[in-house]
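Heads up, the thing below is written out as structure tokens.
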There are 2 protein chains.
Amino acid sequence: MELKRAAEGEKGFEKVFAFLRERLLAGSLKPGDRLISERELATLLGVSRPIVREALRALTVLGIVEIRDRIGTVVTQPDVSVLNDFFTFALAQQADMLDDVMQARVAIECQAIRLACERANIADFERLQRALAKIGETIDEADAGGMADFEFHRAIVVASHSETLMVLHGSLAGLLTHSHRSRRELVQAFPSMKTYLIDDHRRIFDAIIARDPERADATLRKHFAIGDEYRRRAVVGDIDRTSASG
Amino acid sequence: MELKRAAEGEKGFEKVFAFLRERLLAGSLKPGDRLISERELATLLGVSRPIVREALRALTVLGIVEIRDRIGTVVTQPDVSVLNDFFTFALAQQADMLDDVMQARVAIECQAIRLACERANIADFERLQRALAKIGETIDEADAGGMADFEFHRAIVVASHSETLMVLHGSLAGLLTHSHRSRRELVQAFPSMKTYLIDDHRRIFDAIIARDPERADATLRKHFAIGDEYRRRAVVGDIDRTSASG
DNA sequence: GGTCTGATCTTGGTCAGACCAGTAGGCTAA
DNA sequence: TTAGCCTACTGGTCTGACCAAGATCAGACC
């Protein structure tokens, strides 16, 4: 049935979106490629231009393509920054999602550190070393400290040389920054956290240098656990009883 | 007279998007609320309806609102599943990345199995049990066997009760179905794989039942490693020397 | 011959008005 | 009162048009 429903049974928007998704997933549309013009796309798929624009706009907010005024629409390198939009909205109402996303972060980093132990090269070590040093230097600054912390963890993922892990980790970064920030703010209140932060990252670094995946994973996992513990105790005002860091 | 010059100076789409974002972040638009009609929104902001639709479509792909045909646009509860689109696109553009994507899958599942050890309930156990049984039943069938294999691993992630991990795993799964298939095809050629497949999954299941995260993680990790080993040896035609499974 | 300039084509950005198809709610008729 | 219809409203879409500015290339100028 349905006379106007073109070849596929999808609605206008879905049709265009599906058409583009197909090409994008199949690889016939790669980053850097320029799409055909909106008008052509419209006539090609038998829909109106506003519909095409809806689909392109959808892909834009997904960070898949970029609409350049008077130039055309080009496929972009997947850019995780768009996810900030989503996170911003989502966090505005559903703050409990943070813990859940943190699980994914732990997953990514623990796998990354294992790979890093196998694959890390001199450049990776140096990056980790720099980040480690920075953590020490900025231990008293909330903002810079959080940044240094993030850079260290990011360096771990980079050292894994796994593009996929980097993409996923980058995606979660939006949430992590919040987390890192608030964690750092605890430092001001609880001096014992300084030791935890510096020593823990040092141990993690050492494990990578030693190329010991099991130890690295375990150390990193413990690092996260202790961080959780700190935050939990901070809520109830009880801190400085975290002895089991070794 | 600068007719189309927007009051705020933003382009049409940005204006509408910003307008809605404001209300959403401020909380004056909460999940469940219904937006005013597209027409009203258009006249209210001094833009055309197609522009309003672009903005609404953008919010739709971000999972913030839902456009209901002939009903209206309502604010939805944010959920991470919208990231599925993004990840699918983003990961698809790394063509040779199958092995790399596998790393992410290992990451997700190993974290999931740890959480599963803590959080799994009876229903989860039952689902795992069913999947385990199915693996045994379909050990000689490539297609059904691959499906059963996937279901078991999926059940692990579901048992983690982490929405984020489920979403990520779901995204990766699509890219790895091929992998499952080809692995299963090895079974026909190398009988020793039957034992590996059945016993390994059994051990994984047992570890979850025992609620032992470390053992579960290690067992699952070994499971993946052995699978890799099989495939590697299959390439060079040398198989059935995989003694180092214990 | 080579370079600069400008008209023209093309592209995205937007608008206005229109029609369709269901949905919801009020109104009418039984 | 109640069943059923009618209409206003909603999203879904199309058509055709105009604008502004980058891209292109012919023709003028050096």
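Reminder, nothing fancy here: chain letters follow the sequence lines and each chain counts from 1.
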Without decimals, in angstroms, what is the distance between A:E54 CD and D:dT13 C1'? 9 Å
Using the side-chain heavy atoms of A:I71, tell me which of these nucleotides is nearest: D:dA23, C:dA16, C:dT14. D:dA23
Any side-chain heavy-atom pair from A:V74 and A:L35 closer than 4.5 angstrom? no
According to a strict under-4.0 Å criterion, is B:T73 in side-chain N/O contact with OP1 or OP2 of D:dT10? no
Report the base-pairing partner of D:dT10 (Watson-Crick or G-U wobble, both distances below 3.5 angstrom), or none. C:dA21
Using a heavy-atom cut-off of under 4.0 Å over every strand shown, decide if A:E40 touches base, sugar-phosphate, or nothing. sugar-phosphate
All ring pair (Phe, Tyr, Trp, His ring centres under 6.0 Å) counterparts of A:F13, not counting sequence neighbours: A:F17
On the side chain of A:R68, is there an atom forming a donor-acceptor pair with the base of C:dG12 - under 3.5 Å, no angle test? no
When A:L35 and B:V47 are each assigned the nearest nucleotide of DNA chain C, the 5'-most assignment goes to A:L35
For B:T76 and B:I64, indicate whether the former's side chain and the latter's backbone hold a donor-acceptor pair under 3.5 Å. yes
Would one find a side-chain N or O of B:S37 under 4.0 angstrom from OP1 or OP2 of D:dT10? yes
In whole angstroms, the gap separating C1' of D:dC9 from CG of B:L41 amounts to 16 Å
Separation of D:dG22 atom P from A:R34 atom CZ, nearest Å, is 14 Å
Nucleotide D:dA21, atom P - distance to CD1 of A:I67 in whole Å: 19 Å
Integer-rounded Å distance: D:dA8 P and B:E38 CD: 20 Å
Among the candidates C:dA21, D:dT15, D:dT13, find the nucleotide nearest to the side-chain atoms of A:K11. D:dT13
What about A:R49, does its side chain sit under 3.5 Å from the base of D:dT13 through a donor-acceptor pair? no
Of all the choices, D:dC18, D:dT10, C:dT14, which nucleotide is nearest to the side chain of A:R39 once you look at every atom? D:dC18
Round to the nearest Å and state the distance from B:L56 atom CG to D:dT13 atom C1'. 15 Å
What residues form a ring pair (Phe, Tyr, Trp, His ring centres under 6.0 Å) with A:F19, not counting sequence neighbours? none
Without swapping roles, check the side chain of B:R114 against the backbone of B:P213 for a donor-acceptor pair under 3.5 Å. no
Whole angstrom is fine here: how far is it from CZ in B:R70 over to C1' in C:dA24? 13 Å
From CD1 of B:I36 over to C1' of D:dT10, roughly how many Å is that when rounded to an integer? 13 Å
